[in-house]
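Chain letters run A, B, ... following the sequence lines, proteins first and then strands; every chain starts at 1. Excluded from the calculations below are hydrogen atoms, water molecules and symmetry mates; all remaining heavy atoms, backbone and side chain alike, are included.
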Amino acid sequence: MEQFYSKVISLKNIADDYYLLDFRWNTDSIPRPGQFLTIRTTELTSPLLRRPFALSAYNGETHMASIIFQKVGNGTAILAQLQEGDILDILGPLGNSFSDYRISENGNITNHVVVAGGIGTGPMLYLADELKKTGKKPLLIIGSRTKSLVPFTVLNKEIETIICTDDGSFGFKGNVVDYLKSRSELIKKSVIYCCGPEPMLKGCHFFSVDVGSKCYVSLEQMMACGIGACMGCTCETEGKKKYTRVCKDGPVFESSEVKWT
Amino acid sequence: MEQFYSKVISLKNIADDYYLLDFRWNTDSIPRPGQFLTIRTTELTSPLLRRPFALSAYNGETHMASIIFQKVGNGTAILAQLQEGDILDILGPLGNSFSDYRISENGNITNHVVVAGGIGTGPMLYLADELKKTGKKPLLIIGSRTKSLVPFTVLNKEIETIICTDDGSFGFKGNVVDYLKSRSELIKKSVIYCCGPEPMLKGCHFFSVDVGSKCYVSLEQMMACGIGACMGCTCETEGKKKYTRVCKDGPVFESSEVKWT
Amino acid sequence: MDLKVKIGNVDMPNPVGTASGTFGFGEEYGELFDLSKLGAIYTKALTPTPREGNSVPRLAETPSGILNSIGLANPGVEKFLSDKVPFLKGLQCSVILNVSGSTEQEYIEVIEKTDHLDCINGYEINISCPNVKHGGLAFGTDPKQVENLTKKLRRLSQKPLIVKLTPNVTDISVIAKAAESGGADSVSCINTVRGMLIDTKKKKSVIPAGIAGLSGPAIRPIGVAAVYTVSRAVSVPVIGLGGIMCADDAIQYLLAGASAIQVGTGLFVDPLLPLKVLDGIKEYMEENKMNKISDFHSFII
Amino acid sequence: MDLKVKIGNVDMPNPVGTASGTFGFGEEYGELFDLSKLGAIYTKALTPTPREGNSVPRLAETPSGILNSIGLANPGVEKFLSDKVPFLKGLQCSVILNVSGSTEQEYIEVIEKTDHLDCINGYEINISCPNVKHGGLAFGTDPKQVENLTKKLRRLSQKPLIVKLTPNVTDISVIAKAAESGGADSVSCINTVRGMLIDTKKKKSVIPAGIAGLSGPAIRPIGVAAVYTVSRAVSVPVIGLGGIMCADDAIQYLLAGASAIQVGTGLFVDPLLPLKVLDGIKEYMEENKMNKISDFHSFII
Ligand SMILES: Cc1cc2nc3c(=O)[nH]c(=O)nc-3n(C[C@H](O)[C@H](O)[C@H](O)COP(=O)(O)OP(=O)(O)OC[C@H]3O[C@@H](n4cnc5c(N)ncnc54)[C@H](O)[C@@H]3O)c2cc1C
Ligand SMILES: Cc1cc2nc3c(=O)[nH]c(=O)nc-3n(C[C@H](O)[C@H](O)[C@H](O)COP(=O)(O)OP(=O)(O)OC[C@H]3O[C@@H](n4cnc5c(N)ncnc54)[C@H](O)[C@@H]3O)c2cc1C
Ligand SMILES: Cc1cc2nc3c(=O)[nH]c(=O)nc-3n(C[C@H](O)[C@H](O)[C@H](O)COP(=O)(O)O)c2cc1C
Ligand SMILES: Cc1cc2nc3c(=O)[nH]c(=O)nc-3n(C[C@H](O)[C@H](O)[C@H](O)COP(=O)(O)O)c2cc1C
Ligand code: FES
Ligand code: FES
């Protein structure tokens, strides 16, 4: 982890309110899928805190990195107005990654199901890419409310991808958990990775329990330091420690570690 | 006075850190030289207060208005980044004007000396233009630290203009009061109008006392409401009322009304 | 939808007012919008004799806030009667006179000399101004003095008496209760927070008086916490203010327990803010199927 | 130029520290910069037994500020000794242990169990945390309790005792004097200000515990005013904090009377801020021909 500055290489609007931001990764530690960074959005005092975003791509040769973010409030509105060449104040890479678990616990498994919802799409694109590159068979499932929220332009055609829309305006009609259930025979032999809104994560977790697969989820929590110092971003976990820091002990957890409420 | 919205027509850098901002004057009341407006610089809460600027030009036919501002802090830094088409939130016109005094008290006088210093240049360009249009003979004297701070491009060639620079890098070497003194014979038959830093205003005032001319000054004070309601922007004046509101009772005062400290 | 708010024996047409000291006596903002749309205006503090106020600068900006040290500059009762009352007589909204003084006698004098006026619908007793040397804040921090002063003023007028509380105390609910038992019809909170800005170039306080009053969005969380605390301690209606910059901010105050709100510093940033806040409150009530202001108070925050 | 600051019998190499609760026990920020450049680190509050802290969310953003309700989550003394002390032993800067408790006995226990450690250079007694039900803020608002607690702790240790003051009191100088007469070597101020943010969609406090602690630039003017007031009331050195976001902010505190400062919330925005603040202070001293920190205290603010 390091604080560094980097110029905006490009900023593209890739779907309703979704943006792809490319920049150079000006530090040595390599960011893995699931890891995140924080960006200071202004030199002024409002919005105050740095904003966390997961990496959506990283190219080890060109040192180019990307995030995909949704414009939801003041901080992301500022980011959405960045111009090529503007300077980003970045702290990262932060947290653990899906890759840690993939390698340490699931090295031999071939089938990997990568589930993304809403602003959780970024890190899952990166994870699917990494799986593909390491010779695994990723199935990418992306859930959206409607077609205009699907970031078609950033999808990798070489990765089997299922789009689910709540309103049926594209692909599978229903949410990602509905889709998982519709193909549970196949999926139960896979490892599941998810990032997205909490109800989706919870649904994936209970699905994984039902079919007996391993499931990993990336959590979100309001963060201040982002590095484990302030105890602000805890989540409830099972076991001896009631609270665990999302920014440092996560954001990726085995879904059975999480206390689902 | 009214609150209205207006698009940026153009923004030009006219000297070191000085900018000319043109926009449409979308309200009926006509702004006069010396009057000002306030601009909200952000939808966020920092910088919080609206920023006051004097009008530097107004064209009654095209309804185009201008201000000249210097980038000094966060608020003006935001303004300096405006793009054509961005929306300005404007409150104006505010305060009294030089014209009030010119017409009511000095209608017959032909010679008018218009003295500007630093960020006080804007309103004095407008006043000189107005004087010229009404058939008077304005002499415009602009004081600057150095040549690169002189906004040459916005000067009207038809108006007799003297540039004074402290370092002598252009025009008269010395400050505007030195210049006034060097030509006191001529100037004592004129009315003097000034806007600029306080020491300059004070110098002009005492010069006017010496030569026996009338002198009007535009004051600056930290402002909150800008319309006379909060009592935040007072200045000390001679006479029964110890404090007077710069935003409402000014910003233009007869120099002998002001308590110079 | 019923937006009325009852404070003492007065019905305010809606919960949105403008905070004392930020709105003068109404004339200036009256040029910008129709004051009859407001629930109430709270005037600049009035003292028996004119006050020039403190030396300049009286204002400074801080992160998301401003400091002020106006020092209760006001025309005094006499000039108020001659110069300001004619304007106030024409207004539809409630007019609440903000009353200040350095001694009890001064508060008494202001009320005695104005109680006969029909155009004054109530009093806000400013016992919480940090910007005057004597009186002001001193009254506001001692519960006994608050109760006594309120009692004395209570005898002088049938009009609603609103005691304005300072956040600069250990337990604001104690002061609120003292005002209530002294007979106040309502309490308003918060006044400004003690704050200071130093000019490091000049090595001096930016505001010559030194410590000044902090207002604006920076203090909104402090105001909401105060209203939450006070409204659980007293049974009279609470009027909330401090840093309201949009309807959502005002709604926070109402949900915290306020029956009415005031817009202060927010006026400086957006002079039409009170009308926008009122519209936003109406919209929220519609969306949430609320019929009256007290519906805001039915949630467990 | 001599940047040293003496607090009790300890020399801090420079006046810049990191505020309790924002810096953990130093390990995390130690990955980002060289902690030996700091004057002091103030650890997260330590209590005798582990505390899980409050339920989530524990953080919320407000205009130029944040609310927190961590609830003193900490590993407890035992785990502190085994897990944190080895790291602290390696540090060059002063390490000040922030001590909390629900009862006097708990404060006593923490000091008794840690006083033997060479790597602990002093104690900051947190009598001002708004985020725990018992203890914390209660201790901090009553001068008698402050004096008594300080006296009891004074007997236990030769190390500097810094009493951390809350701004949520009527007169902070009274509490500061109580700490001084109880034997404190220094007071630090301010802790967070009581504040609240309500989610108007959910009609609930964003932070489940309700009222939380406001920090960040929004409260800087409140902190500077507090330091100004306190440093005129006591003769022990005052440590200033609250909303420091740049060197100029820190210099305001020093000019107001502080002998040292702490960076808290500012770390979250700019993790290397303490170093920038230190550089800025040095530059300012050079420009203003100051030789030592006490030179900041020779101006009439
Ligand atoms: C580990 C992690 C990874 C994330 N990855 C992505 C991503 O790849 N793409 C993406 O679009 N979004 C991501 N988010 C969410 C993103 O951080 C928020 O949407 C963003 O901070 C909103 O800021 P804002 O100022 O626009 O909105 P605001 O209106 O300020 O906030 C909207 C909501 O965003 C969340 N938020 C705001 N500030 C923070 C903060 N400091 N820490 C955590 N949450 C905050 C809160 O839930 C808040 O209610 C991630 C969050 C976390 C914790
Ligand atoms: C009546 C009047 C007319 C003015 N006309 C012009 C003009 O034509 N061109 C121009 O360049 N400048 C003008 N100014 C000054 C201009 O308002 C300030 O330079 C500007 O507000 C600075 O804002 P900032 O955020 O960039 O700087 P900051 O760093 O916030 O402030 C720098 C200084 O600007 C002044 N200032 C800041 N906010 C205000 C405020 N709300 N009210 C008054 N002063 C403030 C203060 O002296 C402050 O110390 C005028 C000021 C007044 C009062
Ligand atoms: C410039 C100014 C003048 C004020 N004058 C008074 C006053 O005369 N009487 C009073 O009770 N409060 C006065 N106040 C306090 C406000 O009424 C209000 O309590 C405080 O500013 C918090 O609200 P806000 O954040 O919305 O401004 C004044 C505030 C400001 C900013
Ligand atoms: C997340 C967080 C946790 C805190 N925990 C503690 C604590 O454990 N003990 C303590 O004395 N102060 C604690 N504080 C208060 C800070 O040390 C400091 O007094 C306050 O935040 C004001 O400074 P700042 O504005 O620079 O953050 C905490 C503050 C924050 C933001
Ligand atoms: S954000 Fe500070 S510990 Fe996670
Ligand atoms: S700025 Fe409010 S009276 Fe002038």
Side-chain angles (χ1 to χ4, degrees), chain A residues 1-5 27 29 37-52 72-76 89-95 198 219-237 239-250 258-259 261, chain D residues 18-33 41 43-45 50-75 79 206-207 212 215-218 220 243 245-246 249 264-273 275:
Chain A
M1 128 178 107
E2 207 183 329
Q3 187 190 16
F4 62 93
Y5 296 86
T27 183
S29 30
L37 49 78
T38 62
I39 301 183
R40 180 171 183 181
T41 62
T42 174
E43 291 286 301
L44 303 175
T45 58
S46 163
L48 185 62
L49 291 172
R50 304 174 76 87
R51 299 303 198 233
V72 295
N74 292 330
T76 47
D89 169 350
I90 295 173
L91 179 66
L94 305 174
E198 192 161 310
L219 300 183
E220 275 189 24
Q221 188 54 263
M222 187 68 188
M223 290 180 181
C225 71
I227 66 170
C230 76
M231 301 302 289
C233 67
T234 52
C235 64
E236 287 197 60
T237 46
K240 62 180 180 340
K241 237 186 160 181
K242 202 171 134 216
Y243 291 112
T244 312
R245 297 165 301 182
V246 171
C247 71
K248 181 88 177 177
D249 306 314
V258 177
K259 208 172 218 164
T261 46
Chain D
T18 53
S20 174
T22 64
F23 205 71
F25 294 90
E27 294 140 302
E28 294 85 7
Y29 281 97
E31 288 182 45
L32 285 168
F33 66 89
I41 69 174
T43 69
K44 177 68 195 165
R51 291 217 195 197
E52 287 295 349
N54 294 335
S55 45
V56 294
R58 294 174 171 185
L59 294 166
E61 204 177 81
T62 67
S64 298
I66 65 171
L67 287 167
N68 90 76
S69 180
I70 309 295
L72 300 182
N74 83 83
K79 265 200 165 307
V206 170
I207 289 180
S215 66
R220 192 201 62 218
M245 297 295 293
C246 61
D249 295 349
T265 301
L267 284 161
F268 304 153
V269 181
D270 182 357
L272 304 188
L273 185 58
L275 306 185

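Contact of T62(D) with chain A is not made at all, since no heavy-atom distance falls under 4.5 Å. Contact of L59(D) with chain A is made through backbone and side chain together, with heavy-atom distances under 4.5 Å.
To the nearest 0.5 Å, atom OH of residue Y29(D) and atom CE of residue M1(A) are 8.5 Å apart.
The side-chain heavy atoms of Q3(A) and D270(D), taken from C-beta on, include a pair separated by under 4.5 Å. Within the 4.5 Å cutoff, no side-chain heavy atoms of C225(A) are placed close to those of F23(D). In this structure, L32(D) and L91(A) have side chains that are in contact, with non-hydrogen atoms separated by less than 4.5 Å. P217(D) has its side chain within reach of L48(A): a pair of non-hydrogen atoms, C-beta onward, lies under 4.5 Å apart. Proximity of P271(D) to R50(A): side-chain heavy atoms (C-beta onward) are separated by under 4.5 Å at one or more points.
Remark: E2(A) CD is packed, more than 12 non-hydrogen atoms of other residues, nucleotides or ligands lying under 6.0 Å away.
The pair E31(D)-K248(A) counts as a salt bridge, with a side-chain nitrogen and a carboxylate oxygen less than 4.0 angstrom apart. One finds a salt bridge joining E28(D) and R245(A) here, because a Lys/Arg side-chain nitrogen approaches an Asp/Glu carboxylate oxygen to under 4.0 Å.
In plain terms, the two heavy atoms of A73(D) and M231(A) that are nearest each other are CB-CE, 4.2 Å.
Heavy-atom pairs under 4.5 Å with chain A peak, among M245(D), R58(D), E27(D), K44(D), at R58(D). Heavy-atom pairs under 4.5 Å with chain A were tallied for G216(D), G24(D), S64(D); the largest tally goes to S64(D). Counting heavy-atom pairs closer than 4.5 Å to chain A, the top-ranked of the candidates T22(D), I66(D), V269(D), V56(D) is V269(D).
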CA sep, side-chain torsions, deciding dist, call: E52(D), T234(A), side-chain contact (heavy atoms from CB on, under 4.5 Å): CA-CA 10 Å; E52(D) 287 295 349; T234(A) 52; over 6 Å; no
